[in-house]
Amino acid sequence: MKIAVAEINLGAIQHNLKVVKKHAPNSKVLAMLKANAYGHGTTQIAMALNEADAFGVARLSEAVALRAAGITKPIVLLEGFFEAGELHIIANLGLDTVLHTQAQLESFLAADLPRSIRVWLKVDTGMNRLGIRPEEVSSAMSSLKGHTNVLGTPILMSHFGCADEVHHPLNQQQFALFTELLEQHQGESSFANSAAILSLPDSHQDWVRPGIMLYGVSPIEATSAIDFGLMPAMTLKSSVIAVRDIKEGETVGYGATWTAKKDTRLAVIAIGYGDGYPRNARNGTPVVINNDTYYLAGRVSMDMISVEIGTQSNVKVGDEAILWGEVLPIEYIAEHAETVPYELLCGVTGRVEKQFLQGVNEVKNQP
Ligand SMILES: *Cc1c(COP(=O)(O)O)cnc(C)c1O
C-alpha cells in the first residue's frame with residue numbers, strides 16, 4: 001500500500017522547462033529551486049534541470065546543499081546575504097548574490113573577499129517588497145562596476161507584483177519604469193517570473209526566472225496548466241485504510257461539520273495535515289479513487305481524511321487515492337482550501353515519501 005507518497009515526474013519538469021524556452025527563446029533560464037524546489041526535492045530537480053542556465057534559492061543553506069550535491073551551475077541567492085560573514089562562504093562556493101538594500105551594497109563593497117562574486121542588483125519598480133529605489137540605481141551601478149569584489153557586469157533585476165493578473169495596471173507601470181532604467185544600463189537584465197513568461201513577452205529580457213510553471217502549475221488563474229501545455233510534476237497519493245457505513249443524520253469527524261443526508265458509505269484515506277494536505281480543505285473538496293471523483297466529508301485530521309463514496313461504489317481498503325496531480329489539478333484543491341498551489345506544494349511535509357519517476361520509469365526512491 002502506498003501511504004502518503006509524492007510521486008515526482010522528472011520528465012514533466014524537463015518538459016515544462018521546454019515550455020519556458022518555447023515562450024522565451026532568446027532568454028537564459030534562472031530556474032527557481034527555493035523552498036526545496038517548491039516541495040519537489042532540490043537536488044533531484046536541479047539534476048533534472050540540466051538544461052537550465054542557473055538556479056535560484058532563497059537561503060544560503062539551500063545553495064550549500066546544492067554545491068555539496070555536486071551542482072556546479074551558477075546559483076543565485078535571491079535575497080542576498082543576511083550577514084556580511086556569509087560573503088566568504090558565498091565567494092568560496094562561487095555563488096551569485098542579489099543586492100537589494102543600500103546597507104547590503106555597502107557591506108558588499110567593504111568586504112575583503114577571497115574571490116569576486118557575480119551581483120544581481122535588485123531595483124524596486126513598484127511591488128514595494130525588496131529592491132533599492134529607481135533613483136539609486138545609477139550610483140549603485142557606478143560603485144559596483146569595476147570593483148574588485150564584483151565578477152563581470154552586475155545584472156539589473158526587478159520583480160512583478162501582479163503578473164498573475166495580466167491586465168493589472170501595475171504591470172505596465174513597473175515595466176515602463178524598468179525600461180527607463182535599462183536605457184542607462186549596459187549589462188544584462190531580468191524581470192519575468194512564470195506569469196510574465198507566459199503573458200508579458202516584452203518583459204523577458206536576458207534572464208527569465210520561472211518557478212511554479214516548471215512544476216506544471218498554472219501561474220494564471222484564468223488559464224489551466226494544460227492550456228499552457230504544462231505537465232504537473234507532483235502527484236500526491238495515499239491509500240484507503242477503512243470503508244464504513246454511516247446512517248442518515250450521523251456526522252463525521254472533528255467538530256461534526258458534515259452530516260450524512262442519507263444512508264451512505266465513507267472511505268478513510270491515510271493523509272492529513274500532518275502530510276501537508278490542507279486542513280482548510282472544505283467539505284466537497286475532490287479526491288480521485290480508481291479514476292472516480294469523490295468528495296471530502298468532514299474536517300481534515302492530522303493523519304486522515306474521509307470521503308463519501310456512496311452505497312454503489314466498489315472502493316475497498318488498499319485502493320489508491322489521488323489528492324492532487326495530473327488527474328486532479330492542484331489548482332482545484334488550492335481553491336477549495338482558499339490558498340494557492342505554491343503553498344500546498346511547499347507544505348508537503350518530511351514524512352511524505354518522494355518517489356522520483358523519469359517519464360514512466362521509476363528511477364529512484366528516497367524518503
Ligand atoms: C520565486 C521567484 C520567482 C518565480 O516565481 P513563480 O511565480 O514561481 O514563477 C521569480 N523571481 C523571484 C525573485 C522569485 O523570488
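Since the model is a prediction, treat every value here as computed from it, not as a measurement. As the structure lists them, so they are numbered: ligands from 1, and atoms in each ligand from 1. All values below were derived from every heavy atom in this structure, side-chain atoms included, with hydrogens, water molecules and symmetry-related copies excluded.
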Just jot down the ligand 1 atoms closer than 4.0 angstrom to any heavy atom of Ile212, in number order. 6 (P), 8 (O), 9 (O)
Pick one of side chain, backbone, both or neither for how Lys34 approaches ligand 1, counting any non-hydrogen atom pair under 4.0 Å. side chain
How are the rings of Tyr277 and Trp324 set to each other: parallel, tilted or perpendicular (split at 30° and 60°)? parallel
Parallel, tilted or perpendicular: which fits the ring planes of Phe228 and His23, with parallel below 30° and perpendicular above 60°? perpendicular
Please check if the number of heavy atoms outside Asp112 that lie under 6.0 Å from its CG is greater than 12. no
Is Lys34 paired with Glu62 through a side-chain N to carboxylate O contact shorter than 4.0 Å? no
Nearest heavy atom to atom 7 (O) of ligand 1: which of Tyr342, Trp120, Phe191 does it belong to? Tyr342
Checking a contact table here: which protein heavy atom is nearest atom 9 (O) of ligand 1, and how many Å away? Ser194 OG, 2.5 Å
Counting heavy atoms under 4.0 Å, the part of Arg209 that contacts ligand 1 is both
N/O of Met32 under 3.5 Å from N/O of ligand 1, yes or no? no
Mark up the atoms of ligand 1 that fall under 4.0 Å of a heavy atom belonging to Tyr38, in ascending order. 1 (C), 4 (C), 5 (O), 6 (P), 8 (O)
Whether the side chain of Glu86 engages the backbone of Phe82 through a donor-acceptor N/O pair (distance < 3.5 Å, no angle test) should be reported. yes
Just say parallel, tilted or perpendicular for the rings of Phe160 and Phe191, cut-offs at 30° and 60°. parallel
